[in-house]
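I have placed the structure first, in the form of structure tokens, so that the comments after it can refer back to it.
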Amino acid sequence: MDTRAELTGFLMSRRARLQPETVGVPRYGERRRVPGLRREELAQLAGVSVTHYTRLEQGHGRGVSAEVLDAVAGAMRLTRDEREHLTNLVHPPRLGPGPAGSAVRADLRCLIDGMDPTPAFVHGRHGDILACNDAAGRLLGDLDALPAERRTWSHLVFLEGPFRSMVAGPGWELLARRHVAYLRLGLGRYPGDPGPAGVVESLHAASADFRRLWTEHEVADWADVTCRLRHPVVGDIEIAVDVMKAIGEPDQWLVSFTTQPGSPSQDALRRLANPG
């Protein structure tokens with residue numbers, strides 16, 4: 001990741017979404033040539049010099065104090081996750097590459113196997129699928145048949161395949177937006193790891209939808225999302241996608257696909273598990 005370019009793009013996108021009237025900046029009836037606030041207006045709101053803010057937005061973050069970052073974040077009304085991302089871009093965490101092909105603990109494998117017929121898998125730092133239960137294969141397709149470089153949660157969402165073809169319309173758009181924001185936050189958390197950067201590069205080359213969403217610079221930790229799948233075997237399934245941190249594993253997360261108890265969607269998952 002080009003950290004300077006990422007910092008510039010992120011700050012410009014956050015500044016552009018601020019409307020003068022919502023932050024108490026008078027318009028004076030003039031025609032504005034840029035969306036959102038001007039640099040000098042943002043600097044005034046933050047209580048920093050225009051020169052200091054301009055250098056920061058140009059990607060020169062080294063030496064910027066935590067107090068200045070906090071002032072800029074407050075003026076931009078950044079969320080907690082956006083503040084974390086800004087800090088990570090200016091003062092990158094000193095973390096090395098994540099372990100390749102991390103092993104999944106036996107008890108965690110037992111957990112996801114015991115969740116059947118609820119589909120579940122464990123993914124690593126850059127979304128690489130490390131282990132899955134049989135229900136995930138029935139719902140998402142044969143994950144083991146995917147090339148290793150595309151056996152990631154990100155590629156399932158964005159590239160043509162069984163899962164992408166089942167999710168359509170507003171449900172997919174929301175899922176994709178949430179995932180891009182989550183992936184971008186991770187990219188800032190692991191600046192020295194080629195894994196997350198490689199996933200972004202791969203998707204950028206392969207998916208126009210990913211390129212479109214990536215330019216928006218949204219940043220957020222995972223938020224649960226519910227979408228409707230049209231499965232070729234059992235029909236419509238309304239499913240909630242949850243991502244949970246695996247306790248005791250700093251680089252592993254558990255993804256589950258759950259349905260409402262007693263719902264037709266739950267019955268569909270059971271039929272998928274027992275087609276006879």
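All values derive from a computational prediction rather than experimental measurement.
- Within 6.0 Å of the CE atom in Met115, the count of heavy atoms belonging to other residues, nucleotides or ligands exceeds 12.
- In terms of the side-chain contact (heavy atoms from CB on, under 4.5 Å) criterion, residue partners of His91 (sequence neighbours excluded) are, by chain and number, Leu69.
- By the salt bridge (Lys or Arg N to Asp or Glu O under 4.0 Å) test, Glu201 pairs with no residue at all, sequence neighbours left out.
- For the side-chain contact (heavy atoms from CB on, under 4.5 Å) test, residues two or more places apart in sequence or in another chain that qualify with Leu146 are Leu143, Arg151, Leu156.
- Not counting sequence neighbours, Asp144 has no partner by the salt bridge (Lys or Arg N to Asp or Glu O under 4.0 Å) test.
- Without hydrogens or angle criteria, Thr8 side chain to Ala5 main chain gives no donor-acceptor distance under 3.5 Å.
- In the displayed structure, Gln44 atom CD is contacted under 6.0 Å by at most 12 heavy atoms of other residues, nucleotides or ligands.
- Within the structure, side-chain hydrogen bond (donor to acceptor under 3.5 Å, both in side chains) pairs that include any residue of residues 226-237 comprise Arg228-Glu238, Arg230-Asp236 (at least two apart or interchain).
- Annotation: salt bridge (Lys or Arg N to Asp or Glu O under 4.0 Å) contacts of Glu40 (sequence neighbours excluded): none.
- Checked against salt bridge (Lys or Arg N to Asp or Glu O under 4.0 Å), Glu173 has the following partners two or more places apart in sequence or in another chain: Arg177, Arg212.
- Looking only at atom types and distance, the side chain of His155 has no donor-acceptor partner in the side chain of Glu149 under 3.5 Å away.
- In this structure, Phe10 CZ and Asn88 CG are separated by 10.5 Å, a value rounded to the nearest 0.5 Å.
- Legend: salt bridge (Lys or Arg N to Asp or Glu O under 4.0 Å) pairs involving residues 7-18, not counting sequence neighbours, sorted by first then second residue: Arg14-Glu82, Arg14-Glu218, Arg15-Glu57, Arg17-Glu82.
- Residues His204 and Trp214 keep their aromatic ring centres 6.0 Å or farther apart.
- With sequence neighbours excluded, no residue forms a ring-ring contact (aromatic ring centres under 6.0 Å, His included) with Tyr53.
- Geometrically, Arg178 does not engage Trp222 in a cation-pi contact, judged by NZ or CZ lying under 6.0 Å from the ring centre and within 45° of the ring axis.
- Side-chain contact between Asp267 and Arg270 is present, with at least one heavy-atom pair separated by less than 4.5 Å.
- Pairs of residues two or more places apart, or lying in two chains, that qualify as salt bridge (Lys or Arg N to Asp or Glu O under 4.0 Å) and include a residue from residues 60-75 are Asp70-Arg83.
- Applying the ring-ring contact (aromatic ring centres under 6.0 Å, His included) rule to His217 yields no partners; only residues at least two apart in sequence or on another chain are considered.
- Residue pairs that meet the salt bridge (Lys or Arg N to Asp or Glu O under 4.0 Å) test with at least one member in residues 108-122, sequence neighbours left out, are Asp116-Arg138.
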